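Report on the following structure.
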Amino acid sequence: MFQQSGASLAARMFMNNRHIARLKGSATPSRQHLLDRQKKHLQFAELKISAGDRIGAENDLQHAEHFFRSAAEQKDANRP
């Protein structure tokens, strides 16, 4: 059976708990919040790479890119 690395499992549990808390409040996230999420996913990707989890790292890198693009779209939408 496939075993998760300790860092990968801890990162996944942390994000799941934050996601559940996020669903309780449905306000639109600020641009800074989106950039903070991007930074977190980049950090998780680093952890997963160091633990040898290339697939998990790619997943986090894709999430980081999503949050970066979302922040950029929000910035463009706020321009006059």
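Fair warning: this is a prediction, and the values are worked out from it, not measured in the lab.
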Next item on the list: Give a yes or no answer on whether the side chain of E65 reaches the backbone of Q38 with a donor-acceptor pair at less than 3.5 Å.
Entry: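 Not at all, since once roles are kept as given, no pair shorter than 3.5 Å links the two residues.
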Checklist line | Salt-bridge present (E58, R54; N to O < 4.0 Å) | finding: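 So E58 does not pair with R54 through a salt bridge.
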With rounding to the nearest 0.5 Å, note down the distance linking [atom1] in [X] to [atom2] in [Y].
| X | Y | atom1 | atom2 | answer |
| --- | --- | --- | --- | --- |
| Q32 | R37 | CD | CZ | 13.5 Å |
| L35 | F68 | CG | CZ | 7.5 Å |
| L61 | E46 | CG | CD | 9.5 Å |
| H41 | Q62 | NE2 | CD | 11.5 Å |
| K75 | R31 | NZ | CZ | 5.0 Å |

Item checked: D53, D60, N59 screened by side-chain hydrogen bond (donor to acceptor under 3.5 Å, both in side chains) with K48, the one that passes ->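 Exactly one option meets the side-chain hydrogen bond (donor to acceptor under 3.5 Å, both in side chains) with K48, and it is D60.
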